[in-house]
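Residue numbering restarts at 1 for every chain, and letters A, B, ... go by the order of the sequence lines.
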There are 2 protein chains.
Amino acid sequence: MEQMIQDASPIFAGLDDRARLAILSAARPHVLKARDVLAREGEPARTFHVVQLGHLKLSRVSLDGNEIVLRFVGPGEPFGGVVAVGDATYPLTATAAEPTRTLGWSRAVLEELMSAHPRLRTNIVSQISRHLSDALTRVQEVTSDRVEQRVARALVRLAAHGGVPTPHGVDIAHPVTRDELAGLVGTTLFTVSRLLARWETDGLIASRRRRITVLSPDRLAALAESPANRS
Amino acid sequence: MEQMIQDASPIFAGLDDRARLAILSAARPHVLKARDVLAREGEPARTFHVVQLGHLKLSRVSLDGNEIVLRFVGPGEPFGGVVAVGDATYPLTATAAEPTRTLGWSRAVLEELMSAHPRLRTNIVSQISRHLSDALTRVQEVTSDRVEQRVARALVRLAAHGGVPTPHGVDIAHPVTRDELAGLVGTTLFTVSRLLARWETDGLIASRRRRITVLSPDRLAALAESPANRS
DNA sequence: CGTCTCTTTGAAACGCGTCAATGGCTGTGG
DNA sequence: CCACAGCCATTGACGCGTTTCAAAGAGACG
């Protein structure tokens, strides 16, 4: 049953069951507690991972301690595609946002698997390319949108990407602090706190400590496109 | 002689002369006037290019007309690596910053060449991966550095990457407007103009219309690391 | 039950965008 | 060859969104 999760991974697109099985059986599982670091930016990239359970937070930390969050990686999603490229080091740091399990392939094993299943290489490279495009979009948004729009958009995306539907709205699947949300859009935790407070009184979202539920994705999406007419 | 330029291209790393010749002879030249558009963001990616002469400006334009510049591509450098990945569309727009010549390979031809010379594929993918890493750095810088630092860093990079040494300093190799510089670091042409004016009186740079010479890369680099102590 | 992490809220300062108006190159056409 | 028309650059004043700093409250975990 649990295997279903990995079968849905973009990494396995276009591969038949036999290939998937061969690839999966070559993996070594990794178990992480919340806040465990799976890989550190700049470190030699040795292992390619696919998340089985839980979430990884991908981030970069600058010298002055400022952390920017790039994205969260959930079940079925890969991390460490650079291993396939032959590049030497991870471009960012991966931390478990909650208790997390991954499947890992060493560089040598992965190389062998990619030779046997060329489509696997294609899929991984394709992911890298998509993330490049995403990063470009991020640069564009950070430089041309206001903080309010960016926070709204971040929430919409977090809800859409791995959100858990509930009777009232969509729960964001993993714990997120105000601070992380700030790092995700390039602002401070104070500004995020103020925005969320306002949106909560307006009924757009509900939030508990480290948990956020999006009640009205539509109205949030509207905010993401044009700043609020301050009421 | 001119072939030397392409021989130095990262695309040809690890390929012998025979392979290079085979690849080069399959190319079709493209000639662009200043401001000609080679490829548009979102357009189906059909052709992979290597610049022979001149410079391409890679940018994205948002709906409201705001342009962000990602980088400039000079002689020997590739554009359109996504063609190798099989992705459908260009992630950004390429415009000739000045009269420019490129060599182009169609998707089909490139696919064939990459099969014959696997190292070619590796090289292209490796470039994509490097650009991803660069883009992540950009995201980080835009969200945590001040405008002054970013402009200074942009100048240092433009000078280092394809700058032309002169008796007094380093000329930036291609025409850059204040507006483009603004798009490169995510600010307005006004702020850029003010900063350049100040740096010019301080003797850090010299500038003519659309041309900038970096006189003191060191002092600029210092500004990039910590904001100026306003004098 | 205490400690640590996460969150809230206020007040003040400031960087930078925005708007407006002017001035200087450049190359194109009469 | 000169003059006009664009394009590019400069400079000032103003306002606003955000950051910064400070202080205190609330939830979670051992």
Side-chain angles (χ1 to χ4, degrees), chain A residues 33-35 57 62 64-69 95 97-99 141-152 172 174-201 205-212 223 226-230, chain B residues 33-35 57 62 64-69 95 97-99 142-152 172 174-201 205-213 223 226-230:
Chain A
K33 301 188 300 292
R35 290 172 206 227
K57 177 181 75 177
S62 55
D64 59 353
N66 214 315
E67 177 183 51
I68 67 154
V69 179
T95 317
E98 54 182 334
E141 288 173 355
V142 169
T143 57
S144 59
D145 293 346
R146 299 224 206 130
V147 169
E148 182 179 17
Q149 300 175 265
R150 307 207 302 270
V151 176
I172 287 169
H174 47 83
V176 196
T177 66
R178 303 287 184 270
D179 210 359
E180 284 167 344
L181 207 46
L184 195 56
V185 302
T187 181
T188 62
L189 78 122
F190 306 101
T191 302
V192 169
S193 178
R194 279 183 242 271
L195 286 171
L196 293 193
R198 192 161 88 219
W199 292 340
E200 185 143 22
T201 68
I205 63 166
S207 80
R208 301 178 293 299
R209 170 179 246 236
R210 278 166 73 85
R211 289 284 169 185
I212 301 174
L223 281 184
S226 64
N229 316 337
R230 306 295 266 78
Chain B
K33 302 189 299 292
R35 292 172 206 227
K57 178 182 75 178
S62 54
D64 59 355
N66 215 314
E67 178 183 50
I68 68 157
V69 179
T95 317
E98 53 182 336
V142 170
T143 57
S144 59
D145 293 347
R146 299 226 207 128
V147 168
E148 182 179 18
Q149 300 176 264
R150 305 207 303 268
V151 176
I172 286 169
H174 47 83
V176 196
T177 65
R178 303 285 184 271
D179 210 359
E180 284 167 345
L181 206 46
L184 196 54
V185 303
T187 180
T188 63
L189 77 125
F190 306 102
T191 303
V192 169
S193 178
R194 279 182 241 271
L195 287 170
L196 294 192
R198 191 161 90 221
W199 292 340
E200 185 144 22
T201 69
I205 63 166
S207 79
R208 302 178 293 299
R209 169 179 248 234
R210 279 166 73 85
R211 288 285 169 187
I212 300 173
T213 304
L223 281 184
S226 64
N229 316 339
R230 306 294 265 80

Check your understanding: Within the structure shown, what part of the strands sits under 4.0 Å from B:Arg211 by heavy-atom distance: base, sugar-phosphate, or nothing?
Key -> nothing
**Study point:** Distance below 4.0 Å between A:Thr187 side-chain N/O and D:dT19 OP1 or OP2
**Key:** yes
Practice item. Give the rounded distance in Å between these two atoms: CZ of A:Arg208 and C1' of C:dT8. Key: 18 Å
**Study point:** Euclidean distance, atom CD of residue B:Glu148 to atom C1' of C:dC14 [Å, nearest integer]
**Key:** 14 Å
Exercise for review: Note down the inter-axis angle between the two ends of the helix from C:dC1-D:dG30 to C:dG30-D:dC1, five pairs each, to the nearest 10°.
Suggested key: 40°
Study note, to complete from the structure: Rounded to the nearest 0.5 angstrom, the OG1-CD distance for B:Thr213 and B:Glu200 is 9.0 Å
Review point. Is there a donor in the side chain of A:Asp179 and an acceptor in the side chain of A:Thr177, or the other way round, less than 3.5 Å apart?
Key: no
Check your understanding: To the nearest angstrom, how far is A:Gln149 atom CD from D:dG17 atom P?
Key -> 12 Å
Check your understanding: Once you round it to whole Å, what is the distance between P of C:dT9 and CG of A:Leu195?
Key -> 12 Å
Check your understanding: What is the distance from atom CZ of B:Arg35 to atom NZ of B:Lys57, rounded to the nearest 0.5 Å?
Key -> 8.5 Å
**Study point:** Between OG on residue B:Ser144 and CD on residue B:Gln149, distance to nearest 0.5 Å
**Key:** 8.0 Å
Review point. Side chains of A:Val176 and A:Leu184: closer than 4.5 Å at any heavy-atom pair?
Key: no
Practice item. For C:dT7, take OP1 and OP2 only and decide whether either is under 4.0 Å from a side-chain N or O of A:Arg178. Key: yes
Revision key, fill the gap. Smallest heavy-atom separation, B:Thr191 atom then B:Val147 atom, equals CG2-CG1, 3.7 Å
Point to revise | Euclidean distance, B:His174 NE2 relative to B:Glu180 CD, rounded to 0.5 Å | key: 8.5 Å
Review point. Can you check whether A:Val192 reaches A:Leu195 side chain to side chain, under 4.5 Å on heavy atoms?
Key: no
Practice item. Could you encode protein contacts along nucleotides 20-30 of chain D as a string, one character per nucleotide from 5' to 3', using B for base contact, S for sugar-phosphate-only contact and - for no contact, with a heavy-atom cut-off of under 4.0 Å? Key: BBB---BBS--
Review point. Roughly how many Å is it from CG in B:Leu189 to P in C:dT18, rounded to a whole number?
Key: 11 Å
**Study point:** Gap between atoms CG and P, on A:Leu181 and C:dT5 respectively (whole Å)
**Key:** 20 Å
Check your understanding: OP1 or OP2 of C:dT7 less than 4.0 angstrom from a side-chain nitrogen or oxygen of A:Ser193, does that happen here?
Key -> no
Point to revise | Rounded distance in Å - CD (A:Glu200) to P (C:dT8) | key: 8 Å
Check your understanding: Side chains of A:Ile212 and A:Arg178: closer than 4.5 Å at any heavy-atom pair?
Key -> yes
**Study point:** Rounded distance in Å - CG (A:Leu196) to P (C:dT9)
**Key:** 11 Å
